[in-house]
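Please read the structure below before turning to the comments.
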Amino acid sequence: MTTVLVTGGTGTLGRQVTDRLRAEGHDVRVLSRHSQPYAVDLRDGTGLDAAVAGVDTIVHCATAPRGGDDTAAEHLIEAAKRAGVPHLVHISIVGVDRLPLGYYTVKRRVERMIEESGLGWTILRTTQFHDLVLRILEGAARLPVMPLPAGVRMQSIDTGEVADRLAESAVAGPAGRVPELGGPEVRELPELARACLRATGKKRRILPVRLAGKAYAGYRRGEHLTPERAVGRATFEDFLAQRFGRPERSE
């Protein structure tokens with residue numbers, strides 16, 4: 001039996017990692033800002049030493065898109081080193097070293113911090129989650145016309161498949177940078193939008209919008225994709241069917 005600390009263990013991904021590890025009989029500690037007895041804000045770090053004491057592996061799923069991931073990683077790494085934790089598993093994103101986005105820049109910085117920490121480590125990069133794509137599309141569908149960035153493709157993946165891989169990594173030894181995990185299909189964004197509209201029963205006209213900036217240009221080039229690693233199985237439609245039920249076929 002392995003003792004595993006899952007940061008962000010109450011989130012969409014962390015909760016599934018926790019469930020898989022517990023189902024396999026491992027001792028799992030869930031760390032988040034409000035989960036007792038390991039209620040820790042990683043950006044502050046208070047209480048972190050007690051959370052990591054006696055842990056065999058840390059699976060670092062916690063993230064804050066509004067900032068602070070590097071500060072959180074610094075606190076986590078230092079606590080892990082003090083406790084002698086032999087293995088830190090980190091989830092990252094395909095394209096963090098290519099796309100000039102602030103969040104991606106911080107994620108790449110966290111990768112480097114882990115790589116240079118002296119700890120045993122495993123880093124897994126994945127493409128965007130189906131859940132994230134759905135949130136983006138549902139946000140756009142709030143308007144009478146659905147604006148979408150023109151020329152952008154996605155390769156989204158099911159969080160359950162990512163959780164499977166992280167749970168496997170947690171009980172294996174440190175493996176360094178492991179092969180990327182990409183969704184099963186590279187799809188045009190309007191295609192995914194139409195699937196989302198069918199699933200939610202909404203009718204919207206899709207409006208492609210050309211944007212400015214280096215990040216948008218990177219998305220158009222596909223810097224966030226890994227088509228050679230399209231190893232996921234569940235499609236976006238599979239995800240929508242599980243969330244909303246099977247839509248009727250359009251004529």
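Computed from heavy atoms alone, side chains included, the values below leave out hydrogens, waters and symmetry copies. Here the structure is a predicted model, which means the values were calculated and not measured. Residue numbers run from 1 in the order of the sequence given.
- Salt-bridge annotation for R243 and D238: absent, with no side-chain N of the basic residue lying under 4.0 Å from a carboxylate O of the acidic one.
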From CA spacing to verdict: salt bridge (charged side-chain N to carboxylate O under 4.0 Å, His left out), D97, R125: CA-CA 11 Å; D97 51 348; R125 290 180 180 176; 3.3 Å; yes
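- In this structure, L132 and M154 have side chains that are not in contact, with every pair of non-hydrogen atoms separated by 4.5 Å or more.
- Put simply, the side chain of E111 reaches to within 4.5 Å of the side chain of R177, judged on heavy atoms.
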Verdict with supporting geometry, R142 and E138, side chain to side chain contact (heavy atoms under 4.5 Å, CB included): CA-CA 7 Å; R142 292 194 184 102; E138 285 186 320; 5.7 Å; no
Worked check of side chain to side chain contact (heavy atoms under 4.5 Å, CB included) between F236 and L137: CA-CA 12 Å; F236 188 60; L137 295 175; 4.0 Å; yes
Test side chain to side chain contact (heavy atoms under 4.5 Å, CB included) applied to R205 and L207, step by step: CA-CA 6 Å; R205 183 169 70 87; L207 178 65; 4.3 Å; yes
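- S156 contributes atom OG, which lies 4.5 Å from atom NE2 of H130 (distance to the nearest 0.5 angstrom).
- Note: the hydrophobic cluster containing I114 does not contain V89 (ILVMFWY, side chain heavy atoms under 4.5 Å, direct or indirect links).
- Applying the ring pair (Phe, Tyr, Trp, His ring centres under 6.0 Å) test to H87 and every residue at least two apart in sequence or in another chain returns nothing.
- L166 is listed as a side-chain neighbour of L13, based on a closest heavy-atom distance under 4.5 Å.
- Between the side chain of R29 and the backbone N or O of A51, at least one donor-acceptor pair lies under 3.5 Å.
- Not counting sequence neighbours, the partners of T2 by the side-chain contact (heavy atoms from CB on, under 4.5 Å) test are V4, H26, D56, T57, V171.
- Grouping the Ile, Leu, Val, Met, Phe, Trp and Tyr side chains by contacts below 4.5 angstrom, directly or via other members, places L124 apart from I58.
- Using a 4.0 Å cut-off between charged side-chain N and carboxylate O, E168 and R20 make no salt bridge.
- Between the side chain of E161 and the backbone N or O of R233, at least one donor-acceptor pair lies under 3.5 Å.
- Around CZ of R33, the count of heavy atoms belonging to other residues, nucleotides or ligands within 6.0 Å does not exceed 12.
- A donor-acceptor contact shorter than 3.5 Å links the side chain of T7 to the backbone of A62.
- Rounding to the nearest 0.5 Å places CG of D41 at 8.5 Å from NE2 of H34.
- Between atom OG1 of residue T122 and atom NE2 of residue H60 there is a gap of 14.0 Å, rounded to the nearest 0.5 Å.
- Taking all atoms of both residues into account, the shortest heavy-atom contact from L88 to L119 is CD2-CD1, 4.2 Å.
- Between L148 and V152, every side-chain heavy-atom pair lies at or beyond the 4.5 Å cut-off.
- Considering only heavy atoms from C-beta on, T200 comes within 4.5 Å of F244 through its side chain.
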Trace of the side chain to side chain donor-acceptor pair (under 3.5 Å) decision for T63 with Y103: CA-CA 10 Å; T63 186; Y103 179 60; 2.6 Å; yes
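- When all heavy atoms of L134 and C196 are compared, the pair lying nearest together is CD1-SG, 3.7 Å.
- Put simply, CD on E223 and OH on Y219 are 11.0 Å apart, with the number rounded to the nearest 0.5 Å.
- Remark: E180 does not engage R229 in a salt bridge, criterion side-chain N to carboxylate O under 4.0 Å.
- The shortest side-chain heavy-atom distance between L225 and V94 does not fall under the 4.5 Å cut-off.
- Within a 6.0 Å sphere centred on CZ of R22, heavy atoms belonging to other residues, nucleotides or ligands number more than 12.
- For the side chain to side chain contact (heavy atoms under 4.5 Å, CB included) criterion with I91, the lone passing option out of V17, V59, I123, T126 is T126.
- F239 places none of its side-chain heavy atoms less than 4.5 Å from the side chain of T159.
- Between the CZ atom in R108 and the CG atom in D70 there is a gap of 13.5 Å [rounded to 0.5 Å].
- Remark: T46 engages D44 in a side-chain contact (heavy atoms from CB on, under 4.5 Å) (not counting sequence neighbours).
- Electrostatic pairing of R187 and E237 counts as a salt bridge here, judged by a charged N lying under 4.0 Å from a carboxylate O.
- Two residues are said to be in side-chain contact when any heavy atoms from C-beta on lie closer than 4.5 Å; W121 and E115 meet this criterion.
- At least one donor-acceptor pair under 3.5 Å links the side chain of Q155 to the backbone N or O of T226.
- Separation of atoms CD1 (I206) and CD (E191) is listed at 10.0 Å; rounding is to 0.5 Å.
- One N or O on the side chain of S35 and one on the backbone of V30 form a donor-acceptor pair closer than 3.5 Å.
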